[in-house]
**Q** 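I have a structure I would like to understand better, so I am pasting it below and will then ask my questions one at a time.
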Amino acid sequence: MKLIVGLGNPGKEYEWTRHNVGFWAVDALAARFGMGVKDFRVKFQSLVSEYTFGGEKILMMKPQTYMNVSGVAVAEALNFYKIMQPDRDVMVIYDDMDFPVGTLKLRLSGSAGGHNGIKSLIAHMGTSQFARLRVGIGRPLPEQTVISHVLGRFPKTEEDQVKSVCEKAAEAVEYALMHSFQAAMNRYNS
């Protein structure tokens with residue numbers, strides 16, 4: 001069984017913010033599987049949807065706990081499905097300011113890098129050993145704070161790039177499910 005987590009914030013006011021690209025990528029993955037919003041239900045303080053891919057159960061998850069406590073929801077799912085191990089079964093998709101808009105970077109593990117959602121996941125899972133798909137959202141402008149940047153919307157000029165990179169993230173997850181996360185890294189980090 002695999003757990004694919006997209007990080008973001010619940011609620012209409014955050015729906016189109018930079019911080020929610022993880023949710024968008026999970027939605028793009030669900031669409032690749034022929035699923036939509038109606039296929040998600042509330043479980044583990046999240047919106048979740050299940051799909052069987054290549055004989056393996058896939059749980060797609062969008063925590064509704066707010067970004068800074070995303071780990072609470074993910075830990076609930078891992079505690080319920082005791083067969084999953086973070087280092088081999090969890091993939092997390094989230095925004096990263098260290099990369100330009102439209103960039104996708106895959107990584108097997110690492111630190112939180114200042115991302116509060118990842119800090120929460122590490123704290124609640126008790127490990128930093130889980131696969132990450134980092135979607136570039138670019139740096140704030142000099143007149144912006146980090147919070148106003150991540151909770152702000154992409155300008156119209158970047159919307160196509162963002163949609164494309166979320167589709168690419170979904171494609172990378174699907175490729176990792178078919179092959180391995182290492183193979184996906186080799187293919188999508190070039």
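Throughout, residue positions are numbered sequentially from 1 according to the sequence presented.
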**Q** Is any side-chain heavy atom of Gln45 closer than 4.5 Å to one of Gln64?
**A** no
**Q** Is any side-chain heavy atom of Lys105 less than 4.5 Å from a side-chain heavy atom of Asp96?
**A** no
**Q** What are the two closest non-hydrogen atoms of Pro63 and Ala73, and how far apart are they?
**A** CB-CB, 3.9 Å
**Q** Is there side-chain contact between Ser164 and Lys168, with heavy atoms separated by less than 4.5 Å?
**A** no
**Q** Side chains of His19 and Asp95: is there a donor and an acceptor less than 3.5 Å apart?
**A** yes
**Q** Using a strict 4.0 Å threshold on nitrogen-to-oxygen distance, state whether Lys156 and Glu159 make a salt bridge.
**A** yes
**Q** What's the separation between atom CZ in Phe53 and atom CG in Leu177, rounded to the nearest 0.5 Å?
**A** 5.5 Å
**Q** At what distance, to the nearest 0.5 angstrom, does SG of Cys166 lie from CG of Leu133?
**A** 11.0 Å
**Q** How are the rings of Phe154 and Trp24 set to each other: parallel, tilted or perpendicular (split at 30° and 60°)?
**A** tilted
**Q** Is there a path from Val72 to Val26 through hydrophobic residues (I, L, V, M, F, W, Y) whose side chains come within less than 4.5 Å of each other?
**A** no
**Q** Is there a path of hydrophobic side-chain contacts, each under 4.5 Å between heavy atoms of I/L/V/M/F/W/Y residues, joining Val146 to Phe99?
**A** no
**Q** Tell me whether Thr17 contacts the main-chain N or O of Leu151 through its side chain, where contact means a donor paired with an acceptor under 3.5 Å.
**A** no
**Q** How would you list, by chain and number, every residue that makes a side-chain hydrogen bond (donor to acceptor under 3.5 Å, both in side chains) with Lys163, sequence neighbours excluded?
**A** none
**Q** For Gly138 versus His149, what's the shortest heavy-atom pair and its separation?
**A** O-NE2, 2.8 Å
**Q** Please give me the minimum heavy-atom distance between Val150 and Met97, naming the atom from each residue.
**A** CG1-SD, 4.0 Å
**Q** Rounded to the nearest 0.5 Å, what separation is found between the OG1 atom of Thr103 and the CD1 atom of Ile137?
**A** 11.5 Å
**Q** Might you point out which heavy atoms bring Leu106 and Ala172 nearest each other, and give the distance in Å?
**A** CD2-CB, 4.3 Å
**Q** Checking salt bridge (Lys or Arg N to Asp or Glu O under 4.0 Å) against Asp98, which of Arg139, Arg134, Arg107 comes through?
**A** Arg139
**Q** Other members of the hydrophobic cluster containing Val5, with the 4.5 Å side-chain heavy-atom rule, please.
**A** Met1, Leu3, Leu7, Phe44, Val48, Leu59, Met61, Met67, Val74, Leu78, Phe80, Tyr81, Ile83, Met84, Val90, Val92, Tyr94, Ile118, Leu121, Ile122, Met125, Phe130
**Q** Are more than 12 heavy atoms, taken from residues, nucleotides or ligands other than Leu141, located less than 6.0 Å from that residue's CG atom?
**A** yes
**Q** Which residues pass the side-chain hydrogen bond (donor to acceptor under 3.5 Å, both in side chains) test with Asn20, sequence neighbours left out?
**A** none
**Q** Any donor and acceptor pair, going by atom type alone, linking the side chain of His124 with main-chain N or O of Ser120 inside 3.5 Å?
**A** yes
**Q** Are Tyr14 and Val69 connected in the hydrophobic side-chain network, where two residues link if heavy atoms are under 4.5 Å apart?
**A** no
**Q** Given 3.5 Å as the limit, does a donor-acceptor pair link the side chain of Thr52 with the main chain of Gly55, or not?
**A** no
**Q** Side-chain contact, heavy-atom cut-off 4.5 Å: Val162 with Val101?
**A** yes
**Q** Strictly below 4.0 Å, N to O, side chains only: are Lys62 and Asp27 in salt-bridge contact?
**A** yes
**Q** Flag yes if Val21 and Ile147 sit in one hydrophobic cluster, no otherwise; membership is Ile, Leu, Val, Met, Phe, Trp, Tyr, and two members link when side-chain heavy atoms are under 4.5 Å apart.
**A** yes
**Q** With distance as the sole test, does Asp39 use its side chain to make a donor-acceptor pair with the main-chain N or O of Met35 at under 3.5 Å?
**A** no
**Q** Quick one: CZ on Arg132 to CD1 on Ile93, what's the gap to the nearest 0.5 Å?
**A** 13.5 Å
**Q** Is atom CG of Asp87 surrounded by more than 12 heavy atoms (other residues, nucleotides or ligands) closer than 6.0 Å?
**A** yes
**Q** Examine distances only and state if a side-chain atom of Asn9 and a backbone atom of Tyr66 form a donor-acceptor pair shorter than 3.5 Å.
**A** no
**Q** Are Lys57 and Lys2 packed together at the side-chain level, in the sense that at least one heavy-atom pair is separated by less than 4.5 angstrom?
**A** no
**Q** Rounded to the nearest 0.5 Å, how far apart are CD of Glu76 and OG of Ser46?
**A** 7.5 Å
**Q** Is Arg41 salt-bridged to Glu50, going by a charged N under 4.0 Å from an acidic O?
**A** yes
**Q** Atom OG in Ser70, atom NE2 in His115: separation rounded to 0.5 Å?
**A** 8.0 Å
